[in-house]
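Comments concern the structure below.
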Amino acid sequence: MVSEYDFQAIEKKWQKEWAKADIYKVSEKSKKPKKYVLEMFPYPSGEIHMGHVRNYSIGDTIARYSRMQGFNVLYPMGFDAFGLPAENAAIERGVHPKVWTYDNTAIMRTQLSRLGLSYDWDREITTADVDYYKWGQWLFLKFLEKGLAYRKKSKVNWCPKCQTVLANEQVEAGLCWRCETEVESKHLEQWFLKISEYTEKLLQDIDTLEGWPERVKLMQKNWIGKSSGAYVNFTLKTNKEDSQEEVITVFTTRPDTLFGATFFLLAPEHSLVDKITTPDNKKAVDKFRKDVTKVSEIDRTSAEVPKNGVFTGAYVVNPVNNEEIPVWLADYVMMEYGTGAVMAVPAHDQRDFQFARKYSIPINIVIQSPDVELDPETMKEAYIGEGQMINSAQFDGTYSLDGIKKVSEWLDKQGKGKQAVTYKLRDWLISRQRYWGNPIPVIYCEKCGMQPVSLEELPVVLPEDVDVSTGGSPLAKDKNFYETTCPACGGKAKRETDTMDTFICSSWYFLRYTSPREDKLPFSKE
């Protein structure tokens, strides 16, 4: 008997034998009860690390234990291969993204196999394979057919040197994370998926998830962010003499505090800013808006970071008391949330309170605490609790929770607002002005407009003979790719040169594992 375990030789020998015998291959024809053990597939970064080992050894243990219990276990693996990190890594190394990606998948496949993980490698999928991303395009066209994919102008972070859109996380102190060029705000035509169509269903289905920790469920609910309240219409005045009948609508969960609004806030990106800013305030407003582009969304919305703003010179009329209140820009108001406009009630909202104290804006108490007499001169923080409405005309004495409904109903009757439900969840922006991704299967014709590529013409293949070294989208510079004919009239047309967000590819891979060689549909229902 040998005194030492020669793991190099023994493991290599038996792993070869196991592979030859297909001991981990799973068939749908088994009469055993089925069990699906799924792990997130890795991004092919080059080599596995301890995070992979930890996660996948746990999954392997569950798969083996389930087989011992008599289950027919589906336990697959693949690679999440498209995306900006792969493209950037390839550019840095002077190689093609496909070469870099597939070299890495080969290394990682070998390493995962050497760990002895019991995957059915016959079901392996790689999202950069044509026979996988073809079906991502098929799904996109089905969404388009149902009105769930659409194109609109959207504000983006733009790096003028790299010629590409940047995610918020890729902007560091207002500079591009890669080349340190100052990032610009730009409006581009972008493709979206209408996930907002499913907000209520998503919210309700969270409660059906078995075994999920409550904190994770709560995070999901907060991400969807359902709020009940009212839309309120404020009439815009450009200055105190010249009335202008333009309405700005805000959403509030606290219509009971409307009488306490002493100023009005717009997001710096709001489309009305240029129109309403007075000449005396233009220079300060322009500087403020430029400075805000250098601040991350996380810092802008953080409760710990000081709030900043600038006066536009404009006023709006509060619909419940006809008081004229000044319009400010504030860095903590985001265009993506609500309507990009906020009625500021400093006595009863902490961020508004901090803002009002900083810029010496009046504070009016309209909800009286049952425990302590509130004084706007001595308050150290906003009072956000319940209480009786005061300084609120006909609603004085109403309990604040009842006031929410009563004020909303009054607004509705007066034509100055209406009860509403809103969600934080926004539609999914999937356009990427990059190369290493799934081409969006759409064609533009000057005569016929936007035309979907026919299902029979799929896939739109990502060309390989391109120069990716300059950043931006090589597809927009490749005539062989974008010059095409219109499927409707046969005339000259141009392909979409944006590619899809990599998360499109990784949002349905678990279904493809069940029938990875299916060639009629993305996956077989059976």
Taking side chain as C-beta onward, heavy atoms only, is [X] less than 4.5 Å from [Y]?
X	Y	result
R289	V273	yes
K447	C486	no
V468	K98	no
V342	F264	no
I440	T499	no
E409	Q419	yes

Should [X] and [Y] count as an ion pair when the cut-off is N to O under 4.0 Å?
X	Y	result
D478	R495	no
R300	D331	no
R123	E28	yes

Tell me every residue that passes side chain to side chain donor-acceptor pair (under 3.5 Å) with [X], counting only those two or more places apart in sequence or in another chain.
X	answer
Y119	E39
E456	none
K418	none

Can you check whether [Y]'s main-chain N or O pairs, donor with acceptor, with [X]'s side chain at less than 3.5 Å?
X	Y	answer
D60	S118	yes
T398	F395	yes
D129	D131	no
W508	P522	no
H348	Y383	yes
S66	V73	no
R426	Y423	yes

What distance separates [X] [atom1] from [Y] [atom2], expressed to the nearest 0.5 Å?
X	Y	atom1	atom2	value
D80	T126	CG	OG1	10.0 Å
E457	T484	CD	OG1	8.5 Å
L475	L462	CG	CG	6.0 Å
D498	S473	CG	OG	7.0 Å
I195	L148	CD1	CG	11.0 Å
N88	W100	CG	CH2	10.0 Å

Exercise. Which one of R512, K25, R109 satisfies the salt bridge (charged side-chain N to carboxylate O under 4.0 Å, His left out) criterion with E124?
Worked result: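 The passing option is R109.
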
Exercise. Does K134 count as lying over the ring of Y132, i.e. NZ or CZ under 6.0 Å from the six-ring centre, within 45 degrees of the axis?
Worked result: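 No.
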
Taking side-chain contact (heavy atoms from CB on, under 4.5 Å) as the definition, give me every residue that meets it alongside [X], ordered by chain and number, with sequence neighbours left out.
X	answer
K520	E518
Y150	K152, F192, K194, D427
R151	E189, W191, Y444, E496
M335	A267, E269, H270

For this session: May I ask you to check whether over 12 heavy atoms, not counting those of R54, lie within 6.0 Å of atom CZ?
Result: no

For this session: Look at atom CZ of F523 and say whether more than 12 heavy atoms of other residues, nucleotides or ligands are closer to it than 6.0 Å.
Result: no

Exercise. What do you reckon, are the aromatic ring centroids of Y24 and Y75 less than 6.0 Å apart?
Worked result: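 Centroid distance Y24-Y75: not below 6.0 Å, so no.
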
Exercise. F355 and W328: aromatic ring centres closer than 6.0 Å?
Worked result: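 That pair passes the under 6.0 Å test.
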
Which atom pairs, one a donor and one an acceptor, fall under 3.5 Å between side chains of residues 136-143 and the rest of the protein, sequence neighbours left out?
| unit_1 | atom_1 | unit_2 | atom_2 | d |
| --- | --- | --- | --- | --- |
| Q137 | OE1 | V460 | N | 2.8 |
| Q137 | NE2 | N438 | OD1 | 2.9 |
| Q137 | NE2 | P439 | O | 3.4 |
| Q137 | NE2 | V460 | O | 2.9 |

Output a table of donor-acceptor pairs, distance under 3.5 Å, between side-chain atoms of residues 225-233 and any protein atom two or more places apart or on a different chain; print 'none' if there are none.
| unit_1 | atom_1 | unit_2 | atom_2 | d |
| --- | --- | --- | --- | --- |
| K226 | NZ | E200 | OE1 | 3.2 |
| K226 | NZ | E200 | OE2 | 3.4 |
| N233 | OD1 | T249 | OG1 | 2.9 |

Problem set entry | Pairwise salt bridge (Lys or Arg N to Asp or Glu O under 4.0 Å) hits with a residue in residues 210-220, at least two apart | E214-K217

For this session: Would you check, one step at a time, whether the test side-chain hydrogen bond (donor to acceptor under 3.5 Å, both in side chains) holds for N104 with Y43?
Result: CA-CA 9 Å; N104 285 347; Y43 162 71; over 6 Å; no

For this session: Applying side-chain hydrogen bond (donor to acceptor under 3.5 Å, both in side chains), run through T502 and R432 and close with a yes or a no.
Result: CA-CA 9 Å; T502 182; R432 296 293 179 269; over 6 Å; no

For this session: Check step by step if side chain to side chain contact (heavy atoms under 4.5 Å, CB included) holds for V327 and L266.
Result: CA-CA 7 Å; V327 180; L266 290 180; 4.0 Å; yes

Seminar exercise, completed: With sequence neighbours left out, the residues meeting ring pair (Phe, Tyr, Trp, His ring centres under 6.0 Å) with Y513 are Y509

Exercise. Who pairs with F71 by ring pair (Phe, Tyr, Trp, His ring centres under 6.0 Å), at least two apart in sequence or on another chain?
Worked result: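 For F71, no residue satisfies ring pair (Phe, Tyr, Trp, His ring centres under 6.0 Å) once neighbours in sequence are set aside.
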
For this session: Identify the residue among I367, D402, V366 that makes a side chain to side chain contact (heavy atoms under 4.5 Å, CB included) with M389.
Result: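 By the side chain to side chain contact (heavy atoms under 4.5 Å, CB included) criterion, M389 pairs with just one of I367, D402, V366: I367.
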
For this session: Apply side chain to side chain contact (heavy atoms under 4.5 Å, CB included) to the pair S400 and I404, showing each step before the final yes or no.
Result: CA-CA 6 Å; S400 55; I404 291 173; 6.0 Å; no

For this session: Before giving the answer on side chain to side chain contact (heavy atoms under 4.5 Å, CB included), spell out for T235 and E246 the whole-Å C-alpha distance, their side-chain angles and the decisive distance to 0.1 Å.
Result: CA-CA 6 Å; T235 306; E246 179 152 5; over 6 Å; no

Exercise. Can I206 and W212 be said to form a side chain to side chain contact (heavy atoms under 4.5 Å, CB included), step by step?
Worked result: CA-CA 9 Å; I206 288 172; W212 283 47; over 6 Å; no

Exercise. For residues N72 and Y36, is any side-chain donor paired with an opposing acceptor at under 3.5 Å?
Worked result: no

